[in-house]
**Q** 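Okay, handing you the structure first.
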Amino acid sequence: MPRVRFAPSPTGYLHIGSARTFIFNWLYARKNNGTMILRLDDTDVERNTQVSIDSIFDGLHWLGLNWDEYYRQSERLALHKEMAYAIFAKGLAYRDFTPAHADEEEREGEAGPWLFNAGMRELSAEESDRRAAAGEPFVLRFRVPRGENRAVKFKDSVFGDQYKKADEIEDFALLRSNGMPTYHMASCADDVDLRIDHIIRGQDHLTNTFKHVLIFEALSETKPKFAHLPLLIAPDGAKLSKRKHGPVVSVTTYRDAGFLPQAYINFLCLLGWSPKNNREQMSIAELMEAFSFSGVNRSNAVVNFSDEDPIDPKAQWLNGQHLRSMPVNDLLPAVRAVLEAAGLSADEPSFAFVVDTIRARYTTLHDFATKGRPYFADDYPMEPAAAERLDEPQARELLRELGVRLQAQTEFTEASVEKTLRDLAAEAGVKPGILINGSRAALTGQAVGPSAFHVFTAIGRDRSIARLKMV
RNA sequence: GGCGCUAUCGUCUAGUGGUUAGGACGGGGCCCUCUCAAGGCCCAGGCAGGAGUUCAAUUCUCCUUAGCGCUACCA
């Protein structure tokens with residue numbers, strides 16, 4: 001039973017790249033009957049904000065993906081320190097009393113990697129203990145094995161075998177001089193304690209993994225498997241950042257733009273992963289079934305947006321696909337919500353029929369409240385193109401007459417309306433198109449939309465007649 | 001600078017030592033049709049560059065280039 005975790009650091013909003021990482025973890029866990037853990041990596045007290053934590057929860061709740069266990073690193077600091085000192089006790093770490101940033105300038109322009117502060121690594125145990133006891137601040141560093149033949153290796157489920165000479169890895173910090181664990185220490189300590197067995201995260205951690213392997217080996221007999229995901233980048237090749245690219249990087253932007261969560265999840269999955277059978281539109285269940293690391297790509301994926309169109313066209317297309325193909329009843333709550341937010345009401349018995357009639361031409365939920373307004377309210381704009389239809393010769397008087405005739409009939413179906421309309425057109429000697437297109441214009445204020453006869457039944461008998469008479 | 005990862009249409013991707021290099025979005029066209037969508041069909045568009053191995057390289061190797069990541073007492 002796999003145990004996986006999503007471990008965001010709450011220093012911003014929920015980034016779409018983070019959301020995708022969550023999704024892949026979730027898919028893997030659910031497919032294999034595993035456990036999904038949400039862990040807030042909030043050890044950086046300076047930069048953590050409640051707003052950010054709220055944003056992460058907001059985004060995750062919207063996506064509708066759940067987790068089974070929840071932890072906050074800030075509540076587990078004692079454990080991290082304990083594990084750091086366990087490493088120290090094994091002789092695999094040492095105290096470095098060098099003041100912070102003391103040799104920053106020396107490091108710059110250095111040909112190779114900085115490995116450690118000379119002298120500190122080989123300080124005698126007695127002197128180290130004495131200085132510590134005297135209250136001198138120190139950072140606890142991992143004692144990376146040295147020597148030509150020493151290497152660290154691991155197998156990545158996406159990137160394959162990874163290998164690095166130990167001499168290329170610096171003696172990284174485990175504990176800061178204020179006693180707080182570093183990211184590497186806290187993350188690995190928690191992964192060990194929570195028995196995470198597959199770490200699925202962004203590729204930006206690929207090279208950090210060598211350090212993590214060292215910590216895992218120092219802490220336990222088993223180490224987790226790793227899967228690194230390609231990054232999501234902007235069209236300019238840079239990584240997505242709020243400051244540079246704006247709201248496109250935030251998950252809530254897509255929620256607010258009227259996306260269906262399952263459609264957005266579908267879109268995110270297709271960035272850097274492929275089911276390899278040309279499938280594009282997939283449900284959550286289908287994604288879960290198809291997910292595997294062998295389908296994960298190794299190169300970064302561009303989220304295709306521009307100033308004119310801030311949302312990836314493929315995401316929009318996919319949303320439209322889900323919108324029109326999902327069971328209509330599953331769609332109704334979301335539509336009802338956007339209508340209510342726009343001050344429109346959706347309580348009619350024909351609601352499902354109306355939604356089903358108009359959804360094929362919409363791409364976001366917002367379209368129901370904007371383009372769909374005439375179906376849910378009596379005050380709606382008359383578009384110029386629609387007005388032109390009404391201005392056709394005889395159009396207005398015939399439409400009013402149509403209203404009269406429909407009122408005289410008790411039957412009101414697509415077929416009955418069509419017959420009445422066509423009979424009237426024939427009598428008047430005009431093309432049926434005049435009345436057909438005119439009806440759509442009269443009933444919706446729009447020149448384009450569903451088949452006119454569908455519009456009649458969607459708008460309903462009384463309102464249709466009233467609108468015809470008003471032209 | 002050092003180390004690492006990556007490189008197929010504009011974008012997301014499939015794929016192979018011999019393929020007309022496949023699909024999707026977007027773009028163009030046609031069909032359908034009461035309009036607009038949807039749907040169907042068609043078109044344009046790609047293996048970063050250079051060597052090497054081979055009868056044959058987009059595919060394997062090397063180099064170059066480019067992008068990204070790491071190189072913190074950030075995560």
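Each chain gets a letter, A, B and so on, in the order its sequence line appears, and its residues count up from 1. As a basis for the values below, the full set of heavy atoms in this structure was taken, side chains included, without hydrogen atoms, waters or symmetry mates.
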**Q** Base, sugar-phosphate alone, or nothing: which one does A:Gly272 contact when heavy atoms must sit under 4.0 Å apart?
**A**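 Since only primed, P, OP1 and OP2 atoms lie under 4.0 Å of A:Gly272, the category is sugar-phosphate.
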**Q** Categorize A:Ser299 for me: base, sugar-phosphate, or nothing, with a 4.0 angstrom heavy-atom threshold over every strand shown.
**A**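 Sugar-phosphate contact only.
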**Q** Are A:Arg5 and A:Leu194 close enough that some pair of their side-chain heavy atoms sits under 4.5 Å apart?
**A**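 Answer no - side chains too far apart.
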**Q** When all nucleic acid strands are considered with a 4.0 Å heavy-atom cut-off, which category describes A:His228: base, sugar-phosphate, or nothing?
**A**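 If one applies the 4.0 Å heavy-atom cut-off, A:His228 turns out to touch nothing in the nucleic acid.
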**Q** Grab the CG-P distance between A:Leu268 and B:U13 for me, whole Å please.
**A**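 Answer to the nearest Å: 12 Å.
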**Q** Name the nucleic acid region contacted by A:Pro432, choosing base, sugar-phosphate or nothing; use a 4.0 angstrom heavy-atom cut-off, strictly under.
**A**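 No contact at all - A:Pro432 keeps every heavy atom at 4.0 Å or more from the nucleic acid.
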**Q** Can you tell me whether the side chain of A:Lys314 and the base of B:C12 have a donor-acceptor pair closer than 3.5 Å?
**A**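 Counting by modelled atom types and ignoring angles, a donor-acceptor contact under 3.5 Å is found here.
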**Q** Can you tell me, in whole Å, how much space there is between the C1' of B:G15 and that of B:U58?
**A**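 So the two C1' atoms sit 10 Å from each other.
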**Q** Does a donor on one side chain sit under 3.5 Å from an acceptor on the other, for A:Gln162 and A:Thr209?
**A**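 On atom types as modelled, these side chains do not qualify, holding no pair under 3.5 Å.
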**Q** Rounding to the closest angstrom, what is the interatomic distance between B:U20 and B:C12 at atom P?
**A**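 Each nucleotide's P atom is 27 Å from the other's.
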**Q** Looking only at side-chain N and O atoms, does A:Gln50 offer a donor or acceptor that is under 3.5 Å from a partner on A:Asp54?
**A**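 Side-chain D/A pair, A:Asp54 to A:Gln50: present.
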**Q** Once you apply a heavy-atom cut-off of 4.0 Å, does A:Gly433 come out as touching a base, just sugar-phosphate, or nothing?
**A**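 A:Gly433: no heavy atom of the nucleic acid under 4.0 Å.
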**Q** With a 4.0 Å cut-off on heavy atoms, is A:Ser274 in touch with a base, just the backbone sugar-phosphate, or nothing at all?
**A**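 It contacts sugar-phosphate atoms only.
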**Q** When you measure from the side-chain N and O atoms of A:Gln321 to the phosphate of B:G39, is any distance below 4.0 Å, counting only OP1 and OP2?
**A**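 Indeed, a polar side-chain atom of A:Gln321 lies that close.
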**Q** Please state how far atom CG in A:Leu206 lies from atom P in B:C70, giving the value in whole angstrom units.
**A**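 Roughly 11 Å, once rounded to whole Å.
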**Q** At under 4.0 Å between heavy atoms, what does A:Val302 touch on the DNA or RNA strands: base, sugar-phosphate, or nothing?
**A**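 Since only primed, P, OP1 and OP2 atoms lie under 4.0 Å of A:Val302, the category is sugar-phosphate.
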**Q** Sticking with atom P, work out how far B:C30 lies from B:A38, rounded to a whole angstrom.
**A**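 Result for the P pair: 16 Å, nearest Å.
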**Q** Looking only at atom P, what distance separates B:U19 and B:U11, rounded to whole Å?
**A**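 Per the computed distance, 26 Å lies between those P atoms.
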**Q** Just call it for A:Ser451: base, sugar-phosphate, or nothing, with non-hydrogen atoms closer than 4.0 Å on any strand.
**A**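 Since a base atom lies under 4.0 Å of A:Ser451, the category is base.
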**Q** To the closest 0.5 Å, what do you measure between CG (A:Asp167) and CG (A:Asn149)?
**A**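 Those atoms lie 9.5 Å apart.
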**Q** Under 6.0 Å between ring centres, would you say that holds for A:Tyr70 and A:Phe57?
**A**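 When the ring centroids of A:Tyr70 and A:Phe57 are compared, they turn out to be within the sub-6.0 Å range.
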**Q** Would you find more than 12 non-hydrogen atoms of other residues, nucleotides or ligands less than 6.0 Å from A:Lys164 atom NZ?
**A**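 Result for NZ/A:Lys164: enclosed.
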**Q** Round to a whole Å and report the spacing from CG of A:Leu271 to P of B:A24.
**A**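 From A:Leu271 CG to B:A24 P: 18 Å.
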**Q** Can you check the distance between B:C43 and B:A7, where both ends of the measurement are the P atom (answer in whole Å)?
**A**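 Taking atom P in both B:C43 and B:A7, they lie 30 Å apart.
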**Q** Let me know the distance between OH of A:Tyr362 and C1' of B:A37, rounded to the nearest Å.
**A**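 Rounding to the nearest Å, OH of A:Tyr362 and C1' of B:A37 are 10 Å apart.
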**Q** What is the distance, rounded to the nearest whole Å, between atom CG of A:Asp204 and atom P of B:G4?
**A**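 Rounded to the whole Å, the gap is 18 Å.
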**Q** Would you measure the distance from the C1' atom in B:G52 across to the matching atom in B:A66 and give it in whole Å?
**A**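 These two C1' atoms come out 22 Å apart once rounded.
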**Q** At 4.0 Å (heavy atoms only), tell me whether A:Lys371 reaches a base, stays on the sugar-phosphate, or touches nothing.
**A**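 Nothing: the residue A:Lys371, judged by heavy atoms under 4.0 Å, touches no strand.
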**Q** Looking at every strand, decide which applies to A:Arg298 at a 4.0 Å heavy-atom threshold: base, sugar-phosphate, or nothing.
**A**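 Here A:Arg298 touches the backbone only, sparing every base.
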**Q** Does A:Asn297 reach a base, just sugar-phosphate, or nothing at all? Heavy atoms under 4.0 Å.
**A**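 If one applies the 4.0 Å heavy-atom cut-off, A:Asn297 turns out to touch the sugar-phosphate alone, with no base involved.
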**Q** Should A:Asn300 be listed as having a side-chain N or O under 4.0 Å from OP1 or OP2 of B:C12?
**A**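 Answer is no, no contact under 4.0 Å.
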**Q** Would you kindly give the CD-to-C1' distance between A:Gln203 and B:C68, to the nearest whole Å?
**A**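 So the two atoms are 7 Å apart, to the nearest Å.
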**Q** Quickly work out the A:Leu231 CG to B:U6 C1' distance and round it to whole Å.
**A**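 Rounding to the nearest Å, CG of A:Leu231 and C1' of B:U6 are 11 Å apart.
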**Q** Does the side chain of A:Arg279 get closer than 4.0 angstrom to OP1 or OP2 of B:A24 through an N or O atom?
**A**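 It does not, given that no N or O in the side chain of A:Arg279 lies less than 4.0 Å from OP1 or OP2 of B:A24.
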**Q** Could you give the distance separating B:G46 and B:U8 at their C1' atoms, to the nearest angstrom?
**A**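 Pairwise C1' distance, B:U8 against B:G46, rounds to 6 Å.
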**Q** Under 4.0 Å: is that the gap between some side-chain N or O of A:Lys276 and OP1 or OP2 of B:A14?
**A**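 Answer is yes, contact under 4.0 Å.
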**Q** For a quick check of understanding: with a heavy-atom distance under 4.0 Å over all strands, which category does A:Arg389 fall into, base, sugar-phosphate or nothing?
**A**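 Contact class for A:Arg389: sugar-phosphate only.
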**Q** Using a heavy-atom cut-off of under 4.0 Å over every strand shown, decide if A:Thr11 touches base, sugar-phosphate, or nothing.
**A**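 Here A:Thr11 touches no strand at all.
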**Q** When all nucleic acid strands are considered with a 4.0 Å heavy-atom cut-off, which category describes A:Glu280: base, sugar-phosphate, or nothing?
**A**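 Base, at least one base atom sits under 4.0 Å.
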**Q** When the distance from CD of A:Glu170 to P of B:C70 is rounded to whole Å, what number comes out?
**A**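 Whole-Å distance recorded here is 12 Å.
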**Q** Is it possible for you to check whether A:Arg141 lies under 6.0 Å from the centre of the six-membered ring of A:Phe116, through NZ or CZ, and within 45° of that ring's axis?
**A**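 That pair does not qualify as a cation-pi contact.
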